[in-house]
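Just so it is clear: chains get the letters A, B, ... in the order the sequence lines come, proteins before strands, and each one is counted from 1.
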Protein chains: 2
Amino acid sequence: MTTPSTIDRHRPVPNGVAPTERRRQIVEAALTILEREGGSALTMRRLAAALGIKASSLYKHFPDKEAVELELIALGFRDVAERFERAVRRDRRRPVRAVAATYRAFAHERPHLYRLMNERPLQRERLPEGLEARAAAPLLEATGSRALARAAWAMAHGLVMLELNGRFPPDADVDAAWAVGVTAIERAADGG
Amino acid sequence: MTTPSTIDRHRPVPNGVAPTERRRQIVEAALTILEREGGSALTMRRLAAALGIKASSLYKHFPDKEAVELELIALGFRDVAERFERAVRRDRRRPVRAVAATYRAFAHERPHLYRLMNERPLQRERLPEGLEARAAAPLLEATGSRALARAAWAMAHGLVMLELNGRFPPDADVDAAWAVGVTAIERAADGG
DNA sequence: CTCTGCTGGCTAACGATGTTAGCCACCGAA
DNA sequence: TTCGGTGGCTAACATCGTTAGCCAGCAGAG
């Protein structure tokens with residue numbers, strides 16, 4: 001309305017934000033906080049402090065907190081996609097197993113990022129186009145069926161979340177649950 | 001220290017709270033808000049307003065917000081347990097299928113309660129003893145294996161959460177994903 | 001060289017949130 | 001009749017995301 005903000009004067013980049021150097025720095029700092037201290041530590045004030053500025057100044061670079069989070073989410077999807085692509089290339093015999101193991105490894109290595117990516121509704125329209133599809137492709141290829149790919153994804157996601165949330169008993173053999181689950185999916189893929 | 005609070009003078013009931021009439025009313029109001037308006041609407045001020053009192057007065061009945069939520073969670077577990085028990089009694093031939101359908105139906109009928117129950121780490125020690133185990137028993141019985149039961153639970157939970165969070169494309173055939181997933185689990189149960 | 005306007009900071013504030021301290025009216029039992 | 005517990009209240013605190021409005025610096029135009 002009044003002053004044309006820094007942000008909406010740029011081309012319609014997915015997130016409504018063009019990739020400036022300063023923005024890159026902000027995302028980098030956000031990622032550090034997220035991975036080191038978890039999602040609840042990623043506040044605008046905390047993020048600003050890490051950059052030596054005030055929270056309100058962040059709004060010169062991003063329209064809202066969600067825009068910052070979406071950069072992290074996109075970054076996470078890119079990481080997952082690359083891992084999947086490498087995994088299926090490495091183990092062509094048993095792609096389902098390879099993708100599952102990779103999925104689990106990612107979730108364990110970057111649990112806070114995993115949560116950010118998968119715990120809440122995803123604003124697709126603010127993500128780079130095709131990124132989600134790229135991350136999903138290897139599993140779809142491995143299972144050979146959309147329905148089975150979704151069931152497999154759901155199982156992997158469920159196992160990860162239940163484990164991250166400590167919902168299994170302390171003595172539970174989570175490896176065994178993964179093994180039997182993956183085998184069930186593999187059989188369905190081969191037999192179907 | 002000074003005044004012995006209303007709460008900790010009572011016997012060590014699981015949640016640290018004895019079941020008074022007033023407390024029952026509070027939980028009832030909380031449930032109404034949760035189911036009608038979702039988890040983010042369940043605030044202490046909002047809950048108090050529904051009862052015609054101030055937020056701070058709630059702390060005469062519950063030590064914190066989590067204690068109120070835990071009452072709702074316990075209530076949810078009781079509902080799930082009863083549904084499961086009825087389901088396996090009704091369909092003895094295919095207990096896995098029966099439990100899965102029941103699980104999905106519960107999540108769709110009471111999505112906000114489902115979220116409250118399953119989205120975050122669970123404070124077991126503040127829940128009535130044995131309640132969680134009771135809710136888990138039918139699936140364990142149906143699959144015949146802890147590992148498979150966990151894989152099945154994870155798949156169901158994953159499917160529910162991905163669906164509730166709108167993570168599947170709008171045109172996705174979620175029924176098909178459930179069907180193929182349940183079949184895979186059933187085969188593993190029979191063949192194992 | 002001067003002016004102008006954008007960039008990217010700042011302070012102050014708003015309306016939420018959960019929670020605590022401290023006060024007091026009521027009411028039942030001793 | 002007194003006394004103490006029950007269950008209200010107001011006021012306040014820290015923290016959250018976010019907005020309004022101000023201003024220093026600097027680059028480019030005249």
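- A donor-acceptor contact under 3.5 Å is not formed by the side chain of A:Lys65 with the base of D:dG17.
- Remark: B:Arg46 is not in phosphate contact with C:dA16, judged by side-chain N or O atoms under 4.0 Å from OP1 or OP2.
- Side-chain contact between B:Glu28 and B:Leu72 is absent, with no heavy-atom pair separated by less than 4.5 Å.
- One interatomic measurement links the two molecules: CG of A:Leu58 to P of D:dT18, which rounds to 10 Å at whole-angstrom precision.
- Distance from the side chain of B:Lys60 is smallest for D:dC9 among the nucleotides C:dA13, C:dT17, D:dC9.
- In this structure, the separation between CZ on B:Arg126 and CD on B:Glu69 is 9.5 Å, given to the nearest 0.5 Å.
- Whole-Å rounding puts the B:Phe62 CZ to C:dT20 P distance at 15 Å.
- Note on A:Ser57: a base of the nucleic acid sits closer than 4.0 angstrom, heavy atoms only.
- B:Arg24 places its CZ atom 15 Å from the P atom of D:dG7, with the value rounded to the nearest Å.
- Between the side chain of A:Arg22 and the base of C:dG8 there is no donor-acceptor pair of N/O atoms closer than 3.5 Å.
- The side-chain heavy atoms of A:Arg167 and B:Leu122, taken from C-beta on, include a pair separated by under 4.5 Å.
- Checking C:dT19, D:dC16, C:dC10 against every side-chain atom of A:Arg45, the shortest atom distance belongs to D:dC16.
- Side-chain atoms of A:Asn165 come within 3.5 Å of backbone N or O of B:Glu119 as a donor-acceptor pair.
- Applying the 3.5 Å distance criterion, the base of C:dT11 shares a donor-acceptor pair with the side chain of A:Ser56.
- Between B:Trp178 and B:Tyr103, a ring centre-to-centre spacing not shorter than 6.0 Å is recorded.
- One can place CE of B:Met44 at 7 Å from P of C:dG18, the figure rounded to the nearest angstrom.
- The phosphate of D:dG8 (OP1 or OP2) has a side-chain N or O of B:His61 nearer than 4.0 angstrom.
- In this structure, of D:dC9, D:dG17, C:dG18, it is D:dC9 that holds the atom nearest to the side chain of B:Lys54.
- Closest contact between the side chain of A:Tyr59 and the listed nucleotides D:dG17, C:dG18, C:dG9 involves D:dG17.
- In this structure, CD1 of B:Ile53 is placed 16 Å from C1' of C:dA25, rounded to the nearest angstrom.
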